[in-house]
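Keep in mind it's a predicted model, so treat the numbers as computed, not measured. The sequence lines fix the lettering, A, B, ..., with proteins before strands; numbering per chain opens at 1.
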2 protein chains.
Amino acid sequence: MADTAPYRGATEDWSAKQYLKFEDERTRPPRDLLAQVPLSGPKRVVDLGCGPGNSTELLMERFPSAEMIGVDSSPDMLQQARERVPNCTFVKGDLETWMPQERTDLLFGNAVFQWLPDHPKVLARLLTALPPGGVLAVQMPDNTREPALQLMEEVGASGPWANAIAKSGAARNDLLRPEEFYDLLRPLCSHLDIWHTHYNHIMPNHAGVVEWFKGSSLRPFYSALDGTMREQFLAAYSDAITRAYSVRYDGKVILKFPRLFILAVR
Amino acid sequence: MADTAPYRGATEDWSAKQYLKFEDERTRPPRDLLAQVPLSGPKRVVDLGCGPGNSTELLMERFPSAEMIGVDSSPDMLQQARERVPNCTFVKGDLETWMPQERTDLLFGNAVFQWLPDHPKVLARLLTALPPGGVLAVQMPDNTREPALQLMEEVGASGPWANAIAKSGAARNDLLRPEEFYDLLRPLCSHLDIWHTHYNHIMPNHAGVVEWFKGSSLRPFYSALDGTMREQFLAAYSDAITRAYSVRYDGKVILKFPRLFILAVR
């Protein structure tokens, strides 16, 4: 979940530690995506937006003989990935312009393309660059309409922090609908499968929901703020989450998390 | 997808042939469910509502050493299953009252419990009957709010067939929400995971959508009707589907199909 999002400058790096707080839950979507990849012995596999290497590790497990390349824009993430996954090449790259080498069999993009506003065009370009039978496998959060994301925008737009956040362009656009991805990508494919999975993550309490998003969608919001204002924004967001999400019989909170999957065979 | 739905009498059996017209698409949900079952060497596995045996075949492939039992209420389905899957015991049973033998490690219910209006209670009972570590794995269509299902009810309620269909009790209730299943089942479990997957099935045209449902949800509707009236109802339903589902650039029609998955470890 690391890439070239426009708000991230050289000093505002992703925190691998915060992102990995919910490692089990965050590793299931790439597992589910990988389970649908119809390849047995790919020669060259690229993990796009490899982050701290949890998805790369899954790819190595499934394809131990493949040449494995991880691409990310975050030095912190790349360093974690190098320590975690040996026998793999990790390189810094910008997915807006990155192109695969010839004879790449699998491009795997887990929770990264949502950060590129232009990703439909990028996905079409990457798919076209694959050899016949090559696979583009993509997973993106599709949760912009969920209360947790809507509240980021609402709270972000209604406090002393509103100007700073508005300038940062922190909010993500809605994804295209499956029908739209179909019309865009199907002409470039021999096979295309698109589906959503809505996970229900069991959080210990409301604070757990805030912690979850501090490692991802909330980051561009609070990164735009300093010290006290950052704390005030997070407190206001926490209050809003507490009002929006009901508590189960055991005090836990269910965080519904819809994700879009695309599996395209060139 | 065969069980003890109340509208099915001795003479109105399920058609395995119609159901298997879309075998690839209908086998993916049980594959996805099975992929999440955290068992390595179960001794006894039961496929509840085994239908023509496509899910049983998957279970045999994953657990070749297990004692495998398939349960269904339809003689036609059971006969198909016996021919298809050797080394497995297939028995007629009614899931409203059926109970597992002692030391059953896995109860697998693919696309069957939606036909039991009382299934929340049944699932709780079955889960309680499992030994510690035993798994209840369930998948149900959760598509009652989709246009294809809403139109069955609308068209079914607004023609000369309305009385016959109303009497048959053909329409299914909405499923409980994940939060409600959580509150019901979590007290009986050591682990519970609930998720939805929304598949997008690519149909060749609108007629394909109608064919799909003729093998499942539409069956109780047209089974209540004779000859000409059945044809008229199906023609009216086809027209409604044509108006409700848009056509893609290549003439295909995308059928969105949400399904609920429950994985409970006793």
With a 3.5 Å distance limit and no angle check, can you tell me whether A:Asn110 reaches the backbone of A:Ser55 through a side-chain donor-acceptor pair?
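No, because the side chain of A:Asn110 does not come within donor-acceptor range (under 3.5 Å) of the backbone of A:Ser55.
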
Side chains of [X] and [Y]: do they bring a donor and an acceptor to under 3.5 Å?
X	Y	result
B:Arg219	B:Ser217	no
A:Asp32	A:Gln139	no
B:Asn143	B:Tyr199	no

Answer whether the closest heavy-atom distance between the side chains of B:Arg172 and B:Pro141 falls below 4.5 Å.
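In contact.
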
Winner by heavy-atom pair count (cut-off under 4.5 Å) against chain A, out of B:Gln36, B:Lys252, B:His201, B:Arg31:
B:Gln36

Considering only heavy atoms and a distance below 4.5 Å, find which of B:Asp183, B:Asp193, B:Ile254 pairs most often with chain A.
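Most heavy-atom pairs under 4.5 Å with chain A: B:Asp183.
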
Would you mind checking which part of [X] comes under 4.5 Å of any heavy atom in chain B, side chain (CB onward), backbone (N, CA, C, O), both or neither?
X	answer
A:Lys256	neither
A:Ile194	both
A:Pro187	both
A:Arg186	both

